[in-house]
Amino acid sequence: MNAKVHPLLAFLVIVLTIVAIGVWMWGDSRARQLGGPADLLVDPSGHLYVQMQHYLLEHDTAGEFVQRHDLSALGVERVLGGMAFFPDGDLLLRRGEDTRSLFDNIRAYLRLPNKRPAQADTPGIGLHRCDLRTGQCREFGPHGIDFSAAFSVFIDPATQDVYISDTSRHRLLKFSSDGTLIAEGGSGLRFPNELQLIDGRLYVANTNRHSIDVVDPDTDGFAAAVASKDVVPLPAQRSGQTWPSNFAQIGEEWWVNNMRSDMADGGVYIFDRNWMYERSVNLPDDADPITILRFDDDVLVSDWNKDIVHRVALDGRLLGEFQSSGLQVLIDESVELRWQYR
């Protein structure tokens, strides 16, 4: 039997359906933002910090949990880009809200160059040099530097020069310790990520060129190409893990995190001192490694998906999880919040 549906009832059903879908999308988005461990840092005193969401979890030199630092107390709404410690213990990070628009996110998804100026739209937003103990921050640079997108940072402990890969603008920048721009360059770079100054050479994860590049760190001729290392061996090609994002020198070897095309679900590949492939770390199938760091006698690998930090032996064997009471408490809180949002 066919019955006529009242137009008002049909309209209400449509509206409620749209609202339900909107709420579901909002909740799912909020849950996804509550990611697991990401950045790993060591301060000048040798303390280890695990960054998860807008928190830094501090551990002493023996790996024992010390305290949780809430970066929102420093004005950080959401961690965007990298961070690093100065020799005096100050932390360089980005303060402020996430000002990226829907259009910005679409451009990033399509891997189009970022056309926004790397300057703060609002006072107080952008790179700052902060003291974790006192909560005091001061602006880094005289003109309000704000990349408003992914970036990586390395601070030379000898000179305090700051090297930054401005990922979505395909360039490298060199600043003095007070934020004065010294040099910029990067011809041939495509979405550069992790960068480190090692033995007078600046190494850069040239993500969309699928290589680790060596460039000139000196102000004269800054970022001029010196060499390029192929870090996508056959096993990585077979797994679709061809986008290097993070790396570390571990003894005489190089460990590289190669991600998939969506910049997730990567694998850790190990190369000898001459960048010849040797082996890979046997991470779980659903692992999403982010950062590789040598700490004490182990290698730590943060895992966004699995909510853990892996402990890995120097020969590449998995040793289990990095045990941290503070990290476990935050993970338990995050699991509960994700469930509520979903």
How about F295 and H59: are their ring centroids closer than 6.0 Å?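 For F295 and H59, the ring centres are not under 6.0 Å apart.
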Would a line drawn from the ring center of F140 to the ring center of F175 be shorter than 6.0 Å?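 Yes - the distance between ring centres of F140 and F175 falls below the 6.0 Å cut-off.
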Check: [Y] main-chain N/O paired with [X] side-chain donor or acceptor under 3.5 Å:
X	Y	answer
S165	L172	no
R338	Q340	no
K174	P217	yes
E77	S72	no
N258	V231	yes
D60	E64	yes
Q53	G36	no
N274	M276	no
T291	A38	yes
N206	G188	yes

List, one per line, each side-chain donor-acceptor pair under 3.5 Å for residues 243-250, sequence neighbours excluded.
residue, atom, partner, partner atom, Å
N246, OD1, I292, N, 3.0
N246, ND2, E194, OE1, 3.1

Provide the full list of salt bridge (Lys or Arg N to Asp or Glu O under 4.0 Å) pairs with a residue in residues 313-329, sequence neighbours left out, each pair given once.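 Every salt bridge (Lys or Arg N to Asp or Glu O under 4.0 Å) pair that includes a residue of residues 313-329, provided the two are not neighbours, is D315-R317.
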Locate the shortest heavy-atom distance separating [X] from [Y]; write the atom from each residue and the value.
X	Y	result
G82	V153	C-CG1, 3.8 Å
A313	W255	O-CH2, 3.5 Å
E139	G144	OE2-CA, 3.7 Å

Under 3.5 Å, is there a donor-acceptor pair linking the side chains of T61 and H47?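 Result is no, nothing qualifies.
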Just by distance, with hydrogens left out, do Q328 and D332 show a side-chain donor and acceptor under 3.5 Å apart?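 Their side chains do contain a donor-acceptor pair, which is all the 3.5 Å distance test asks for.
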Do K306 and D286 sit within salt-bridge range, that is, some charged N less than 4.0 Å from a carboxylate O?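 Result for this pair is yes, salt bridge flagged.
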If the plane angle is over 60° it's perpendicular, under 30° parallel, otherwise tilted; pick one for W254 and W275.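 Taking W275 first and then W254, their aromatic rings lie parallel (interplane angle under 30°).
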Partners meeting ring-ring contact (aromatic ring centres under 6.0 Å, His included) with [X] (sequence neighbours left out):
X	value
F191	H170
F154	none
Y269	none

When you look at R68 and E333, which way does the salt bridge (charged side-chain N to carboxylate O under 4.0 Å, His left out) test go after all the steps? CA-CA 13 Å; R68 179 197 293 197; E333 292 173 1; 3.2 Å; yes
Could you list the donor-acceptor pairs under 3.5 angstrom formed between side-chain atoms of residues 127-135 and any protein atom two or more places apart in sequence or on another chain?
residue, atom, partner, partner atom, Å
H128, ND1, G126, O, 2.9
R129, NE, D90, OD2, 2.9
R129, NH1, S177, O, 3.1
R129, NH2, D88, OD1, 3.4
R129, NH2, D88, OD2, 3.1
D131, OD1, R133, N, 2.8
D131, OD1, T134, N, 3.4
R133, NH1, E58, OE1, 3.2
R133, NH1, Q67, OE1, 3.2
R133, NH2, Y49, OH, 3.4
R133, NH2, E58, OE1, 3.2
R133, NH2, E58, OE2, 2.8
T134, OG1, Q136, N, 3.2

Does the salt bridge (charged side-chain N to carboxylate O under 4.0 Å, His left out) test come out yes or no for E253 and R279, once each step is laid out? CA-CA 11 Å; E253 297 178 322; R279 62 196 183 281; 3.0 Å; yes
